[in-house]
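Working notes, beginning with the structure itself.
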Protein chains: 2
Amino acid sequence: MIDPTGPVPPYRQLAKILRERIRAGELPPGTRIVESDLTEEFEVARNTARRALAVLRDDGLIFTVPTRGSYVGKPPK
Amino acid sequence: MIDPTGPVPPYRQLAKILRERIRAGELPPGTRIVESDLTEEFEVARNTARRALAVLRDDGLIFTVPTRGSYVGKPPK
DNA sequence: TCTCATTTGTTCGTATGTATC
DNA sequence: AGATACATACGAACAAATGAG
């Protein structure tokens, strides 16, 4: 899935994949996303998975709860 | 005991120390090993102690019982 | 039965060192 | 030089299960 040799850095590739899954409804609001799951599924380092999630967070697509995980959707006010 | 500056990561150093103690009979079968004891004795983080125990578990030298601790020896079938 | 302490399991936050491009 | 990646580490917080009393 992730091509470490391409011009696009892995963390952005991963962010894109997740963004598309969210848009497609494959990851509906409320879905929990765990960093360690991403490292396994996409074979990237935790840092890389975190950076990808940071992108989605900046996009407002997910929110993260320390010690719990990240969730698809808008952060509860 | 543990040298955090060396080329060998602390979790492997700790795994080695424990492995040797087991082999030497200093930690006979049935001996209970608690993560928090390791963090104190070797001054490592709990996660580091856990990683060391994971190594020993993979080696089949110990088994772990959730909420109870790890024990030297083969897991009860 | 209930409550409490203990202990492992899980997970994020953050930092560092090394390597690669 | 800078951005990126991986491995590792420490810290913190919370969940869940067990066992003692």
Side-chain angles (χ1 to χ4, degrees), chain A residues 1-19 22 27 29-77, chain B residues 1-19 22 27 29-77:
Chain A
M1 286 264 201
I2 305 287
D3 174 19
T5 70
V8 180
Y11 82 93
R12 270 192 246 160
Q13 294 181 47
L14 179 50
K16 186 178 183 225
I17 291 171
L18 295 175
R19 200 183 299 113
I22 291 172
L27 297 173
T31 302
R32 184 173 177 231
I33 300 176
V34 173
E35 291 172 3
S36 60
D37 289 345
L38 297 179
T39 69
E40 290 184 18
E41 178 174 357
F42 298 97
E43 297 183 296
V44 294
R46 189 185 156 209
N47 285 341
T48 303
R50 279 181 63 71
R51 292 192 69 168
L53 291 179
V55 171
L56 300 186
R57 204 178 304 122
D58 290 344
D59 288 349
L61 292 175
I62 66 170
F63 62 96
T64 302
V65 183
T67 83
R68 295 298 315 158
S70 295
Y71 298 86
V72 177
K74 286 186 294 187
K77 184 187 64 64
Chain B
M1 290 262 200
I2 306 287
D3 175 18
T5 70
V8 180
Y11 82 92
R12 270 191 249 158
Q13 294 181 45
L14 178 52
K16 187 179 182 223
I17 291 171
L18 294 175
R19 201 182 297 114
I22 292 172
L27 296 173
T31 301
R32 183 172 178 232
I33 299 176
V34 173
E35 291 171 3
S36 59
D37 289 344
L38 298 180
T39 69
E40 290 183 18
E41 178 174 357
F42 298 98
E43 297 183 297
V44 293
R46 191 184 151 211
N47 282 339
T48 303
R50 282 177 64 73
R51 285 192 78 166
L53 291 179
V55 171
L56 299 186
R57 205 178 305 122
D58 288 345
D59 288 349
L61 293 175
I62 66 170
F63 61 94
T64 301
V65 182
T67 85
R68 297 288 355 176
S70 294
Y71 299 86
V72 177
K74 287 185 295 189
K77 184 184 65 62

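Proteins get letters first, then strands, A, B, ... in listed order; numbering begins at 1 in each. Note that these values count all heavy atoms, side chains included, but never hydrogens, waters or copies made by symmetry.
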**OP:** Mind calculating the distance between CD1 (Ile33(A)) and C1' (dT10(C)) to the nearest angstrom?
**Re:** 17 Å
Original post:
Any sub-3.5 Å donor-acceptor pair from Arg68(A)'s side-chain atoms to Arg32(A)'s backbone N or O?
Top reply: no
Original post:
Does the side chain of Leu38(B) come within less than 4.5 Å of Leu18(B)'s, by heavy atoms?
Top reply: yes
**OP:** Tell me which of Tyr11(B) and Pro10(A) sits closer to the 5' end of DNA chain D, going by the nucleotide each one is nearest to.
**Re:** Pro10(A)
Subject >> Closest to side chain of Arg51(B), choosing from dA9(D), dC10(D), dT8(C) >> reply: dA9(D)
**OP:** Verify the neighbour count for atom CD of Glu43(A): are there more than 12 heavy atoms of other residues, nucleotides or ligands below 6.0 Å?
**Re:** no
Subject >> Straight-line distance of Thr31(B) OG1 to Tyr71(B) OH, nearest 0.5 Å >> reply: 11.0 Å
**OP:** Select base, sugar-phosphate, or nothing to describe what Leu53(A) touches, counting heavy atoms under 4.0 Å on all strands.
**Re:** nothing
Original post:
Which whole-number value in Å describes the distance from Leu56(A) CG to dC12(C) P?
Top reply: 14 Å
Original post:
Is the closest side-chain heavy-atom distance between Leu14(A) and Arg51(A) below 4.5 Å?
Top reply: no
Original post:
Rounded to whole angstroms, how far apart are CZ on Arg12(B) and P on dA7(D)?
Top reply: 11 Å
**OP:** Rounded off to whole Å, could you give me the CD-to-C1' distance for the Glu43(B) and dA9(D) pair?
**Re:** 15 Å
Give each protein N/O atom lying under 3.5 Å from an N/O atom of nucleotides 19-21 of chain C, with the pair distance.
none

Original post:
Of the nucleotides dC10(D), dT11(C), dT8(C), which has the atom closest to the Arg32(A) side chain?
Top reply: dT11(C)
**OP:** Rounded off to whole Å, could you give me the CD1-to-C1' distance for the Ile62(A) and dC12(C) pair?
**Re:** 12 Å
Original post:
Where the side chain of Arg50(A) is defined as all heavy atoms beyond and including C-beta, which of dT7(C), dC10(D), dT14(C) is the nearest nucleotide?
Top reply: dT14(C)
**OP:** Please state how far atom CD in Glu35(B) lies from atom P in dG11(D), giving the value in whole angstrom units.
**Re:** 15 Å
**OP:** Calculate the interatomic distance between Tyr71(B) atom OH and dT8(C) atom C1'; express it in whole Å.
**Re:** 11 Å
Original post:
Can you give one letter per nucleotide of nucleotides 12-19 of chain D, 5' to 3': B if a protein heavy atom sits under 4.0 Å from the base, S if only from the sugar-phosphate, - if neither?
Top reply: -BS--BSS
**OP:** State the CD1-CD1 distance between Ile2(A) and Ile17(A), to the nearest 0.5 angstrom.
**Re:** 4.0 Å
**OP:** For Ile2(B), answer base if it contacts any base atom (sugar-phosphate contacts may also be present), sugar-phosphate if it contacts only those atoms, and nothing otherwise; contact means non-hydrogen atoms under 4.0 Å.
**Re:** nothing
